[in-house]
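What follows is one structure encoded as structure tokens, with my remarks underneath.
Given the structure is predicted, the values throughout are model-derived calculations rather than measurements.
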Amino acid sequence: MKGRTAVITGAGRGIGRAVACRFAQEGAAVVIAYSGSEEAAEETAKRCRKSGAAGTMVVRCDVTVPEECQTLADEAKKAFGTIDILVNNAGITRDNLLIVMKEEELTEVMETNLYGTYRMMKAVSRIMIRQRYGRIINLSSVSGLAGNAGQANYAASKAGIIGLTKSFAKEVAARGITVNAIAPGMIDTDMTKRMTDAFRSAAIRAVPAGRIGQSEDVANAAAFLAKEESSYITGHVLNVDGGMYM
Ligand code: NDP
């Protein structure tokens, strides 16, 4: 990935941080976007520099705010001259059974997961189309493929991301841009630490590989899709789930 610039949303922690560090190891310049803690994002940048990043930049970007998405793309382009790789990683859960789910719990999840992905793809699209090169990787989920009780809002947003991914993949395939999704299963991050012990244990028992996944498992898949050599793979959903969904 030498000479490439990657923008990663939600890169202050969890899977986003692991992806940034993995890309840094491959020699990319990484733009670390965060919405909450600047300190956490700076820590990611420090780790990326240690791993060999060609450059790092930390930018605040709440993906629910359209202007901040555009500013992130503009600042990355200004600093590094290009954006070659975009990873739409920012995501939230607001779990509840549908019967008691509030409208706000649906809206909030859609705004971040689905609309955020749409906004960022749009913000980088002109740059990638003009340079006739791009790698876009969107974080979906096993929930988006299989559905999950208590996650109707989240599953709908992640299924929507697959629709966005495949449609945009078709729109830009002839321009040297690939658009793929990764569907992680159960990965050990803050998101899954919030689950009850009983739910977490049951979910891990449903993984044929017999273990919870690590952020690095997802980062390895992202690195594969982000490289030049994956140029003939587009509109694909890559499951990183230890066999949970098959
Ligand atoms: P975490 O909860 O650990 O981290 C979520 C990340 O999203 C944080 O970096 C957070 O940024 C960012 N984020 C949240 N809201 C916004 C927002 N409005 N604007 C910008 N960034 C935002 O989650 P994971 O690392 O586990 O998940 C990363 C992605 O992978 C998500 O899309 C998730 O849905 C998906 N995924 C995760 C699975 C898992 O088992 N962990 C399984 C399947 C999919 P900040 O800290 O700055 O607020």
Side-chain angles (χ1 to χ4, degrees), residues 1 6 8-26 28 30 32 34 36-37 40 43-44 47-48 50-52 85 87-97 109 112-113 117 135 137-159 161-162 165 180-227 229-230 233 236-246:
M1 287 188 213
I8 303 132
T9 64
R13 59 193 166 102
I15 293 170
R17 172 180 279 176
V19 169
C21 291
R22 183 69 170 77
F23 288 8
Q25 264 173 29
E26 302 276 349
V30 285
I32 296 146
Y34 73 97
S37 163
E43 173 60 28
T44 302
R47 293 185 194 195
C48 286
K50 233 174 163 177
S51 300
I85 304 159
V87 181
N88 281 308
N89 166 79
I92 58 166
T93 51
R94 293 288 180 266
D95 295 355
N96 219 340
L97 293 172
V109 168
T112 307
N113 301 1
T117 299
R135 296 282 179 270
I137 299 155
N138 298 326
L139 268 293
S140 179
S141 166
V142 156
S143 296
L145 293 166
N148 197 16
Q151 286 197 315
N153 51 356
Y154 181 74
S157 74
K158 294 298 184 178
I161 284 174
I162 294 173
T165 300
N180 291 291
I182 293 178
M186 183 76 181
I187 309 297
D188 194 12
T189 66
D190 292 347
M191 189 173 271
T192 45
K193 282 191 180 90
R194 279 194 298 272
M195 293 170 171
T196 63
D197 285 348
F199 190 91
R200 208 173 129 94
S201 311
I204 296 169
R205 276 198 302 276
V207 180
R211 69 167 176 92
I212 193 165
Q214 298 302 318
S215 294
E216 290 70 24
D217 292 314
V218 181
N220 289 338
F224 167 68
L225 292 171
K227 287 183 190 175
E229 65 197 19
S230 68
I233 301 169
H236 188 74
V237 183
L238 181 54
N239 297 359
V240 181
D241 63 358
M244 202 174 179
Y245 180 81
M246 62 168 117

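Counting only heavy atoms from C-beta outward, the side chains of Gln151 and Lys158 never approach each other to under 4.5 Å. In this structure, Pro184 and Val142 have side chains that are not in contact, with every pair of non-hydrogen atoms separated by 4.5 Å or more. Counting only heavy atoms from C-beta outward, the side chains of Asn180 and Ile233 approach each other to under 4.5 Å.
Side-chain contact check for Asn88 and Thr117: no donor-acceptor pair (N or O, by modelled atom type) lies under 3.5 Å. For the residue pair Asn220 / Arg22, a side-chain donor-acceptor distance below 3.5 Å is found, with atom types taken as modelled.
Checked by atom type and distance alone, the side chain of Ser141 pairs as donor or acceptor with a backbone atom of Ser143 at under 3.5 Å. In this structure, the side chain of Asn89 does not engage the main chain of Ile8 through any donor-acceptor pair within 3.5 Å. Between the side chain of Ser37 and the backbone N or O of Ala40 there is at least one donor-acceptor pair closer than 3.5 Å.
Of all heavy-atom pairs spanning Pro208 and Ala206, the tightest one is CD-O, 3.3 Å. Taking every heavy atom of both residues into account, Gly91 and Asn113 meet most closely at CA-OD1, 3.2 Å. Between Ala226 and Met1, the shortest heavy-atom distance links the atoms CB-CE, 3.8 Å. Summarising the geometry of Thr93 relative to Val109, their closest heavy-atom pair is C-CG2, 4.2 Å, with the distance given to 0.1 Å.
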Donor-acceptor pairs under 3.5 angstrom involving side-chain atoms of residues 239-246: please list them, not counting sequence neighbours.
unit_1, atom_1, unit_2, atom_2, d
Asn239, ND2, Tyr245, O, 3.4
Asp241, OD1, Gly243, N, 2.9
Asp241, OD2, Tyr245, N, 2.9

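A salt bridge does not link Asp188 with Arg211: every distance from a Lys NZ or Arg NE/NH1/NH2 to an Asp or Glu carboxylate oxygen is 4.0 Å or more.
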